Structure formats: C-alpha cells, structure tokens
Amino acid sequence: MERILAPSILAADIMRLGEQVEEVRQAGAKYLHIDVMDGVFVPSLSYGVCVVESIRKGCDMVLDVHLMIVEPERYIEAFAKAGADIITVHLEACVDVKDAISRIHSFGCRAGVTVKPGTPVEAVEEYLDSADLLLIMSVEPGFGGQKYFPEATERIRQAAELIKKSGRQLRLEVDGGITLDNVREVLDAGADVIVSGSAIFNDPGNNAAAFMKVLNRYGAE
Ligand code: DX5
Ligand code: ZN
C-alpha cells in the first residue's frame, strides 16, 4: 500500500497557511491533517468548521479531520458539508461509535476511529468491519510538539495485526511526535499514513520532501 504523508497544520504559521499548504502539497503530501480541539476532550482549543471550509476552497488535498471533541456526532454533518474527506472520532468521546461511523458514511466521507494512548488497542476491534481508517495516537492528544511515546510502536504492531485479522483494507495512521529520526520505526511497525506537525512546518517544503523521500523509498524496498 502507498505510504501517505499527512502534515498537521497545528504547527503551521496561520498567517501563511495557504502558502505552507501549497509547499507540502508540491512536495508530495496527499493528506492534510486538521486537528479540531474543544478545550474539553483535550485541554487545548484549536479551530472548527469554518477553517475546514476555507481550506477546502483553496486546496484539493484529502482533508483528514481529527476530531478531539466530546460527542463528535454533533458535528459530523457540519464537517462533512465543510469539505472533510476523512473524519476521525475518538472512541472515548462518542456516545455511539457505530452510529458515528454510519453518520460519517452517510455524508460520503471516510470514517476513522482512534483511541488515546491509555485505551487498549483491542477496543477498536469491533469497529474495524465498518471504519476505513484506524489512527493510533503516539502522544497524548491535545498538543503538538510532544515526544513520541516509545510504547506506541507495539500498539501500532497490534493495530496492524487487528487490521490483518479483519480482512479489510483499512488505512493505519499514526499521529504524534513523528520526525525523520523515528519515521522508519513507525513504518516498520505497520503504519501507512504518517502525521507530522512540528517536524514539518518549520520548513514545510524541504521537510515534507525529506519525509516523502523516506516514504517513497520505503514503498519500493
Ligand atoms: C496532537 C495532534 C497531532 C499534532 C501532531 O493532539 O493530534 O496531530 O498536531 O503534532 P506533532 O507532529 O508536532 O507531534
Ligand atoms: Zn491529530
């Protein structure tokens, strides 16, 4: 499966967002990872529906919206209509995960499921027959620029096993603390979508190109 880079705009310079997104797109990134935080499910606040809507108007990348909000079901329709392509929800935040997945599908989007580092990976198993993407968090959600949790590598392996067992072609995305120094470890564990924020946006074009080199070579090995 093709390995995909998903730069997280949490680390972007908002005043130059359009320019920086264009740089990562030209470098070969296919997804744009958008972290939505409500100050309740996670301590931080980030941005909401109108930011996705605005990015959609100027960007043809796959918009990968990571909802770190309580009861994400309330906002699925709004993010779908704003132009999200993938909507990922936390099991810990949903009232009814199956219902959230079917709502996401009903608006023509791909559905992602994820868990915080403290939730056992097996908790996602019952949703793998309907979700399109499984996201493993390699930091505690809420902040960019944290260090990769070494325990995440084993959780990625476990997730890859569960996907294999499901017999379905889900994407396996990993998010948090990924740099050029540990991205191979994450790929080796089975990830195929790599989220990275702070290791990209200090020099978006060059850093995204360096990640893409690793991802493309990895696919060809
Ligand atoms: C953390 C977010 C991440 C974050 C990643 O809650 O979900 O997507 O932006 O940023 P880095 O790569 O800096 O850890
Ligand atoms: Zn994220």
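Note that this is a predicted model, so its numbers are computed, not measured.
Linking Ile, Leu, Val, Met, Phe, Trp and Tyr residues whenever their side-chain heavy atoms come within less than 4.5 Å places L32 and V65 in a single cluster. Cluster membership check: V183 shares its hydrophobic cluster with L172, using side-chain heavy-atom separations under 4.5 Å among Ile, Leu, Val, Met, Phe, Trp and Tyr. In terms of hydrophobic clustering, with Ile, Leu, Val, Met, Phe, Trp and Tyr side chains grouped at heavy-atom distances under 4.5 Å, M61 and V49 are assigned to a common cluster. Residue Y31 is not grouped with residue L67 when hydrophobic side chains (ILVMFWY) are merged at heavy-atom distances under 4.5 angstrom, including chains of intermediate members. Under a hydrophobic-cluster definition in which Ile, Leu, Val, Met, Phe, Trp and Tyr are linked whenever side-chain heavy atoms come within less than 4.5 Å, directly or via other members, V62 and I76 are assigned to different clusters.
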side-chain contact (heavy atoms from CB on, under 4.5 Å) assessment of F149 paired with E140: CA-CA 9 Å; F149 286 4; E140 196 60 49; 4.3 Å; yes
Trace of the side-chain contact (heavy atoms from CB on, under 4.5 Å) decision for M37 with L10: CA-CA 10 Å; M37 305 181 182; L10 196 60; 3.5 Å; yes
Worked verdict on I9 versus F201 for side-chain contact (heavy atoms from CB on, under 4.5 Å): CA-CA 8 Å; I9 60 161; F201 280 97; 4.2 Å; yes
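Using a 4.5 Å heavy-atom cutoff, the side chains of E126 and V97 are not in contact. For the pair L187/L215, a side-chain contact is recorded, criterion being any heavy-atom separation below 4.5 Å from C-beta on. Residues I55 and L17 are in side-chain contact: their nearest non-hydrogen atoms beyond the backbone lie under 4.5 Å apart. By the 4.5 Å heavy-atom criterion applied to side chains, D99 and R103 are counted as neighbours. When side chains are defined from C-beta on, K147 does not count as touching V139, because their heavy atoms never get closer than 4.5 Å. H105 places a side-chain heavy atom less than 4.5 Å from the side chain of D132.
Other residues, nucleotides and ligands place no more than 12 heavy atoms under 6.0 Å from the CE atom of M15. Summarising the local packing, NZ of K116 is surrounded by more than 12 heavy atoms from other residues, nucleotides or ligands at distances under 6.0 Å. Other residues, nucleotides and ligands place no more than 12 heavy atoms under 6.0 Å from the CD atom of Q169.
With sequence neighbours excluded, no residue forms a ring pair (Phe, Tyr, Trp, His ring centres under 6.0 Å) with Y127.
Heavy atoms only, all atoms of each residue included: P72 and A93 are closest at CD-O, 3.3 Å. The heavy-atom pair separating G39 from L45 by the smallest distance is N-CD2, 4.0 Å. Minimum heavy-atom separation, C59 to V21: SG-CG1, 3.9 Å. Scanning all heavy atoms of the two residues, the minimum distance from T88 to L135 falls at CG2-CD2, 4.0 Å. The heavy-atom pair separating M212 from A27 by the smallest distance is CG-O, 3.2 Å. Heavy-atom minimum distance, L63 versus G83: CD1-O, 3.8 Å.
Residue L134 holds its CG atom at 6.0 Å from CG of L128, rounded to the nearest 0.5 Å. Taking CD1 from I87 and CD1 from I34, the interatomic distance works out to 10.5 Å, rounded to the nearest 0.5 Å. Here the CD atom belonging to E73 is positioned 8.5 Å from the CD1 atom belonging to I104, to the nearest 0.5 angstrom. Atom-to-atom distance recorded for T114:OG1 and D175:CG is 7.5 Å, nearest 0.5 angstrom. Considering OG1 of T119 and CE of M137, their distance stands at 11.5 Å, rounded to 0.5 Å. The CD1 atom of I200 lies 11.5 Å from the CG atom of N206; values are rounded to the nearest 0.5 Å.
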Contacts table for residues 157-165: side-chain donor-acceptor under 3.5 angstrom, sequence neighbours left out:
| unit_1 | atom_1 | unit_2 | atom_2 | d |
| --- | --- | --- | --- | --- |
| R157 | NH1 | E154 | OE1 | 2.7 |
| Q158 | NE2 | E122 | OE2 | 2.4 |
| K165 | NZ | E125 | OE2 | 2.9 |

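Salt bridge annotation for E151-R155: absent, with no cationic side-chain nitrogen under 4.0 angstrom from a carboxylate oxygen.
Evaluation of the side-chain hydrogen bond (donor to acceptor under 3.5 Å, both in side chains) test over residues 185-198, restricted to residues two or more places apart or in two chains, returns T153-E185, R171-D192, D188-Y218. Within the structure, the side-chain hydrogen bond (donor to acceptor under 3.5 Å, both in side chains) test picks out the following pairs touching residues 41-62 (sequence neighbours left out): R56-D85. Residue pairs meeting the side-chain hydrogen bond (donor to acceptor under 3.5 Å, both in side chains) criterion with at least one partner in residues 5-16, sequence neighbours excluded, are S8-D35, R16-E19. For residues 61-85, the pairs satisfying ring pair (Phe, Tyr, Trp, His ring centres under 6.0 Å) are H33-H66, H66-H90, with sequence neighbours left out.
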